[in-house]
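Report on the structure given below.
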There are 2 protein chains.
Amino acid sequence: MNKAPDSAAGPRWLTDEEQHVWRAYLHATTLLEDHLDRQLQRDAGMPHVYYGLLVGLAEAPRRRLRMTELAMQAKITRSRLSHAVARLEKNGWVRREDCPADKRGQFAVLTDEGVEVLRRTAPGHVAAVRQALFDRLSPEQQKALGEIMEIVAEGLQPKEAGADLPWLR
Amino acid sequence: MNKAPDSAAGPRWLTDEEQHVWRAYLHATTLLEDHLDRQLQRDAGMPHVYYGLLVGLAEAPRRRLRMTELAMQAKITRSRLSHAVARLEKNGWVRREDCPADKRGQFAVLTDEGVEVLRRTAPGHVAAVRQALFDRLSPEQQKALGEIMEIVAEGLQPKEAGADLPWLR
DNA sequence: GGCGGCTTCTTGAAACTTGAACAAGCGACG
DNA sequence: CGTCGCTTGTTCAAGTTTCAAGAAGCCGCC
């Protein structure tokens, strides 16, 4: 897929425009992430990733998901999830349950308290996202952003579709 | 600036399209960040943020910057920078120097070894960015992305321009 | 049955980040 | 001068993330 080995012809540096775009990207994404992280830490007492876990559970069938599924949904490692759920459990927002069908498995279950936290904090969070992002972009820009992000995500998909050959990595 | 208080008319949830865009955004940005973080951790032995610090220093006048300036450039807190520089110092990539003009001040200075690390790892990093982002986007999309990110960043600017009134916060 | 390879989830230690609190120096204004 | 308010950079403790290692159960195959 590469036209030529980088090392042979010198690295292909970013052009000025690319560099500009890249810096804008880094700048904006870190600012936005920090912003939302603080907003949630302040209003909900947890970081953005943890909030995402609760949302994931809230949308799942019986407000429960296997650990691995939840981890994949949130794009974090199982290890990280383990620690995170331990913390959320301490808060009373999530509970663990054994999986009857697979004795290795655990369900993470959103408790009523967890639902309540979401109910209370979701509006503020949505407002923050809206204000930081959607209120500032034209419909065309929103559409473009969606498409761009889909392309980028697709190129980085860790698994999915068996399209590539894991055993060659 | 708000049309109506959220609490009065119910929160303005995201539309389906907005939700779709937002998820794509989260998905793509976390995948990309993870990807680059691992790439750099593997090839350069440091996380992306630390790499950014070295780059910042490399571009500064005498390869040095005051701690606060560097922190602002990298959009991190002074505290975090303090830790980071301590670590980079241990690696021999950065050195601290007193500021003669202000006895409180410290310069972070990129060492020759630091320059060397950059020289050695920058090509790989650029390649990773290119492959994950620019190689997949059309010129129009690149342009659009740049504009969008600028808008978003502008809306979150923590300081700048004295346009708002700090004493009212 | 039972062995080997795989998946599931957890653990522990080290690295990194956060936020509050702090020592030290600056600078202006009386 | 002196002192009050502010900035600079660090430190500490608590919280989070990573990575490597490991206990336990599943599954297929002989």
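Note on naming: letters A, B, ... go to the chains in the order of the sequence lines (proteins, then strands), and numbering restarts at 1 for each one. The structure displayed is predicted, hence computed values, not measured ones. Worth knowing before you read on, the calculation uses all heavy atoms, side chains too, and leaves out hydrogens, waters and symmetry mates.
As rounded to whole Å, 14 Å separates atom P of C:dT17 from atom CZ of A:Arg38. If you take CG of A:Leu65 and C1' of C:dT8, they are 15 Å apart, rounded to a whole angstrom. When the C1' atom of C:dC9 is taken as reference, atom CD of A:Glu69 falls 14 Å away, rounded to whole Å. When the P atom of D:dT16 is taken as reference, atom CG of A:Leu40 falls 13 Å away, rounded to whole Å. Between the CE atom of B:Met46 and the P atom of C:dT17 there is a distance of 13 Å, rounded to whole Å. In this structure, the OH atom of A:Tyr51 is 17 Å from the P atom of D:dT16, given to the nearest Å. In this structure, CZ of B:Arg104 is placed 5 Å from C1' of C:dG25, rounded to the nearest angstrom. If you measure from atom CE of A:Met72 to atom P of C:dC9, you get 10 Å, rounded to the nearest angstrom.
If you check C:dG19, C:dT10, D:dC26 against the side chain of B:His83, the one that comes closest is C:dG19. Considering only the side chain of A:Arg78, C:dC9 comes nearest among D:dT16, C:dC26, C:dC9. Side-chain proximity of A:Gln106 to D:dT7, C:dC9, D:dT10: nearest is C:dC9. Side-chain atoms of A:Ser82 lie closest to C:dC9 of the nucleotides C:dT8, D:dT8, C:dC9. Considering only side-chain atoms of B:Met67, the nucleotide from D:dG9, D:dT7, C:dT10 that sits closest is D:dG9.
A:Tyr50 comes within 4.0 angstrom of sugar-phosphate atoms only, judged by non-hydrogen atoms across all strands, and of no base.
A:Glu140 and A:Ser138 are linked by a side-chain donor-acceptor pair at a separation below 3.5 angstrom, with hydrogens and angles left out of the test.
Side-chain nitrogen and oxygen atoms of A:Arg80 include at least one within less than 4.0 Å of the OP1 or OP2 phosphate oxygen of D:dT17. Taking only side-chain nitrogens and oxygens, B:Arg66 comes nearer than 4.0 Å to OP1 or OP2 of D:dG9. Distances shown here put every side-chain N or O of A:Thr77 at or beyond 4.0 Å from the OP1 or OP2 atom of D:dC19.
Ring-plane geometry between A:Trp22 and B:Phe134 is classed as perpendicular, the angle between the planes exceeding 60 degrees on a 0 to 90 degree scale with a lower cut at 30.
Checked for salt-bridge contact, A:Arg87 and A:Glu89 miss the test: no charged N lies under 4.0 Å from a carboxylate O. At a threshold of 4.0 Å, the pair A:Arg12-B:Asp135 counts as salt-bridged, since one of the basic side-chain nitrogens sits closer than that to a carboxylate oxygen.
Side chain of A:Asp98 to backbone of A:Pro100: no donor-acceptor contact under 3.5 angstrom is found.
Counting non-hydrogen atoms of neighbouring residues, nucleotides and ligands closer than 6.0 angstrom, the CD atom of A:Glu154 reaches no more than 12 such neighbours.
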Under the salt bridge (Lys or Arg N to Asp or Glu O under 4.0 Å) criterion, do B:Arg66 and B:Glu69 qualify, and how do the steps go? CA-CA 5 Å; B:Arg66 287 286 298 267; B:Glu69 288 178 88; 5.6 Å; no
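For the segment residues 85-103 of chain A, the set of residues with a heavy atom within less than 4.0 Å of an atom of DNA chain D comprises A:Arg87, A:Asp102, A:Lys103, in numerical order.
Counting atom types as modelled, B:Ser79 pairs no side-chain N or O with a base atom of D:dT10 as donor and acceptor under 3.5 Å.
Between the CZ atom of B:Arg78 and the CE atom of B:Met72 there is a distance of 9.5 Å, given to the nearest 0.5 Å.
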